[in-house]
Amino acid sequence: MQFKHPELLYALFLLLIPIIVHLFQLRRFQKVDFTNVAFLKKVTIQTRKSSELKKWLTLLARLAAMAFLIFAFTQPFTASKTALNTNKETVLYIDNSFSMQAKGDQGPLLQRAIQDLFDSTTGTEKVSWFNNDTAYKNSSPQDFKNDILKIAYSQKQLSPAQVVLKANQLFSKDIDASKRLIMLSDFQQTKAFPEVPNGLTIDVVKLLPTSISNFAIDTVYIATKNSNTIQLKVKVSSYGKSNQSTPISLYNGNSLIAKTEVDFTENQENTVTFDIENNGGFKGRLELTDPNLSFDNALFFSINPAQKLKVLSINEKNADFLRRLFDQPEFDYSQQSFQNLDYSEIPSQNFVILNELKEVPPSLLTALKSFSDNGGSLLIIPSLDASVSSYNNLLTVFQLGNFSEFNKQEKQITQIVFDHPLYRDVFEKRVVNFQYPKVNSYFNIASSATSTLKFEDGMPFLIQKSNIYLFSAPINSENSNFQNSPLIVPTLYNMAQQSIKLSKLYYTIGKQNNYSVPVALIQDEILTLRDSLLSFIPIQQVKANQVNIRTNDDPSLAGTFNIEKDKEFIELVSYNYSRNESLLQYANPRNWQGVEVFNSVNDLFNSIAEENAVHSFWKLFAMLAFLFLIFEMLLLKFYKS
């Protein structure tokens, strides 16, 4: 027990006054002579004993009344250390990730939690709180209520460690403050729980859905493609205990193209096939019906009309193999003799091939460096008669190393770096009994660039650094059979295709996405991404004949966007939410050591109110003082001594 005014306890010394008064008899008995003294002596003894008892009872009643009255004025109370600490700080975390769309006993988890918070918020104390997107420090109760009603679902998801770290940014630096973190979450896909920092109290409200089931569109990809038809494959999954079927629809813009049903009675994963016409752009949207989680019920994708890649070969040797390879509808191929080269054609290309030039003059080197700096890709095929000094100047400029010597020795090209982007999707499996090509002579090269093809002794045959590729040997038919090898098609084809990062069917919001738009911009022109609801300007880097775009958290909403230059349509690009939260797996915060777990917001606030309660006893002591005063009055009036 503690006292609000402990200094008043000194008044207990006043209890000495009635004790002194009762101990010193101020009235003396008067003797009266009488004849029959024996009987009177007996009466006197009895009277004195009765008076003595009444005296002591009266003394105790007065002492108790005065003591309880003094205790009442000191205002005694009991409370926990947390309640006594007037410097208390509370930070609230509200998980608004997509998994909080799941239905609980009283509706969606997030909406129910927000309503309980709204109803439980009273008083005038300011609130610091945050969700997966934004943070608010020292909000007034009214602002807090208004803001939580505006919380929208987010594709972001914070781990417990990230929540603790972010909460620390909202707490003050006062080490004496009592700090409490309140977390409202379903703990879906939660990583390992961190240790609770010293001086921090963590209270958790574990929100659980009533049904753990979900249908989700995982991905879509092009299976086959010809001049007339594109075949789309759509992967759809069922998570949880659901073994039902659901319809799935394909739209082009707002037009329904096809509809089918996905049956999950036997398999939890199914693939649906749609055939669409290959007649230009396609603004695709896939939709299914699922009442539990809605964020993964739609998937947006876009197919843009094919853009021809410009390929230029500068030749001093026969280039028929290049013409056969790039004389395809997706390429705009041209070739020029080195002796009659038009330098003005280089900047407008996407991919330039130096086909066995004997030397690279400074003028061409300058043009190629400018071309590369503006995003163009370059392939260097050396000549048997190459000027080593001239080539080393070229390699030095592009940081590819240098040629040391020319070796006339047959070698097989036996090592393929299957994980390199040139070959990542080429082989269904890693081939070990491949019919390897060979060379009759080659240059030794010292380089730190990435090797994509290697000789049998591990020396590089093809290296790559950024957007520059280099063969260490001529690949003409006299020196090598590489032109007849199955490797030449994916090697050179993918070099050209990767010279510009064309848009994929869709990108994932929250990841770093890079792609190029084949458009030339002049000074002060920019590209904008726009749909019917929002528009934003992405990070972009302007090159000679393309614009490189990088996005991460933008856009905030899934959909298909127009890429525009001054409101002029260029092409389509689609974004979707990550499917990480489609799988409804939950962690148990009761395994988080040092954390208090509650089943509802109301349980949490009741516990906090009890913990912060101050129990006062001054009324009890005042009542006891009053009772002893009444006891004294009754004693004096009715007790006959």
(message) Please tell me whether Y506 and F301 form a close aromatic pair, meaning their ring centres lie under 6.0 Å apart.
(response) no
(request) Determine the minimum heavy-atom distance between I537 and L527, stating which atoms define it. (result) CG2-O, 3.9 Å
(message) Between S441 and N479, do the side chains contain a donor N or O and an acceptor N or O under 3.5 Å apart?
(response) yes
(message) To check you understand the geometry: which heavy-atom pair defines the closest contact between E287 and Y251, and what is its length?
(response) OE1-CE1, 3.9 Å
(request) For this output row, return yes or no: ring centroids of Y577 and F98 closer than 6.0 angstrom. (result) yes
(message) Regarding N444 and N407, do their side chains bring together a donor and an acceptor under 3.5 Å, going by distance alone?
(response) yes
(message) Distance check, rounded to the nearest 0.5 Å: S389 atom OG versus L394 atom CG?
(response) 11.5 Å
(request) Hey, could you give me the OG/CD distance between S499 and Q546, rounded to the nearest 0.5 Å? (result) 7.5 Å
(request) State, without any angle test, whether N355 and N315 hold a side-chain donor-acceptor pair at a distance under 3.5 Å. (result) yes
(message) Counting the benzene-type ring for Trp, do F215 and F264 have ring centres under 6.0 Å apart?
(response) yes
(message) Please find the pair of heavy atoms, one from L505 and one from V220, that lie closest to each other, and give the distance.
(response) CD1-O, 3.7 Å
(message) Between N548 (side chain only) and N514 (backbone N and O only), is there a donor and an acceptor less than 3.5 Å apart?
(response) no
(message) Surrounding NZ of K438 (heavy atoms of other residues, nucleotides or ligands, distance under 6.0 Å), is the total greater than 12?
(response) no
(request) May I ask you to check whether N214 and N292 show a side-chain donor-acceptor distance below 3.5 Å? (result) no
(request) Kindly indicate whether the side chain of Q498, heavy atoms from C-beta on, has any atom under 4.5 Å from the side chain of Y469. (result) yes
(request) Check the side chains of T551 and Y507 for a donor-acceptor pair under 3.5 angstrom, ignoring hydrogens and angles. (result) no
(message) So, taking the atom named CG in L422 and the one named OG1 in T452, what distance separates them when rounded to the nearest 0.5 Å?
(response) 5.5 Å
(message) Regarding T491 and Y423, do their side chains bring together a donor and an acceptor under 3.5 Å, going by distance alone?
(response) yes
(message) Does either side chain, that of Q339 or that of S337, offer a donor lying less than 3.5 Å from an acceptor on the other one?
(response) yes
(message) Looking at E478, is its backbone amide N or carbonyl O close enough to the side chain of N440 to form a donor-acceptor pair, meaning the two atoms are under 3.5 Å apart?
(response) yes
(request) Of all the heavy-atom pairs spanning S294 and Q101, show the shortest one and how long it is. (result) N-OE1, 3.0 Å
(message) Please determine whether the number of non-hydrogen atoms from other residues, nucleotides or ligands lying under 6.0 Å from atom CD of E277 exceeds 12.
(response) no
(request) Please work out which of the three classes, parallel, tilted or perpendicular, describes the rings of F403 and F443, given edges at 30° and 60°. (result) parallel
(message) Between Q157 and Q188 (side chain of the first, backbone of the second, donor and acceptor by atom type, cut-off under 3.5 Å), is there such a pair?
(response) yes
(request) Would you mind checking if K369 and D373 are paired as a salt bridge, meaning a charged N to carboxylate O distance below 4.0 Å? (result) yes
(request) Return yes if a side-chain donor-acceptor contact under 3.5 Å exists between S313 and Y333, otherwise no. (result) yes
(message) Check this for me: K543, atom NZ, are more than 12 non-hydrogen atoms of other residues, nucleotides or ligands nearer than 6.0 Å?
(response) yes
(message) Could you check whether any side-chain N or O of Q540 sits under 3.5 Å from a backbone N or O of P538, counting only pairs where one atom can act as donor and the other as acceptor?
(response) yes
(request) Ignoring hydrogens and angles, tell me if any N or O in the side chain of D296 forms a donor-acceptor pair with the backbone of R579 under 3.5 Å. (result) no
(request) Evaluate side-chain contact (heavy atoms from CB on, under 4.5 Å) for S556 paired with L534, printing each intermediate quantity in order. (result) CA-CA 9 Å; S556 57; L534 58 88; 4.0 Å; yes
(request) For T273 and K233, test the side chains for any donor-to-acceptor distance below 3.5 angstrom and give the result as yes or no. (result) yes
(request) Evaluate the criterion side-chain contact (heavy atoms from CB on, under 4.5 Å) for residue pair N476 and N318; output intermediate values, then yes/no. (result) CA-CA 8 Å; N476 58 64; N318 188 298; over 6 Å; no
(message) Please find the pair of heavy atoms, one from P460 and one from S472, that lie closest to each other, and give the distance.
(response) O-OG, 2.9 Å
(message) I'd like to know whether the aromatic ring centres of Y493 and F331 sit less than 6.0 Å apart in this structure.
(response) yes
(message) Rounded at 0.5 Å granularity, tell me how far CG in L354 sits from CZ in F338.
(response) 9.5 Å
(message) Please determine whether the number of non-hydrogen atoms from other residues, nucleotides or ligands lying under 6.0 Å from atom CG of N254 exceeds 12.
(response) no
(message) Please report the interatomic distance CD(E356) to CD1(I475), rounded to the nearest 0.5 Å.
(response) 7.0 Å
(request) Flag the pair K411 and E456 as a salt bridge only when some basic side-chain nitrogen lies within less than 4.0 angstrom of an acidic carboxylate oxygen. (result) no
(request) Take L470 and F398, measure what side-chain contact (heavy atoms from CB on, under 4.5 Å) needs, and give me the verdict at the end. (result) CA-CA 10 Å; L470 169 68; F398 291 114; over 6 Å; no
(request) State which residues pass salt bridge (charged side-chain N to carboxylate O under 4.0 Å, His left out) with E345; sequence neighbours excluded, sorted by chain then number. (result) none
(message) With rounding to the nearest 0.5 angstrom, report the CG to OG distance, L357 to S390.
(response) 9.0 Å
(request) Determine whether L529 and Y575 make a side-chain contact, defined as any pair of heavy atoms from C-beta on separated by less than 4.5 Å. (result) yes
(request) Could I get the full list of side chain to side chain donor-acceptor pair (under 3.5 Å) partners for S97, not counting sequence neighbours? (result) D95, S99, E581
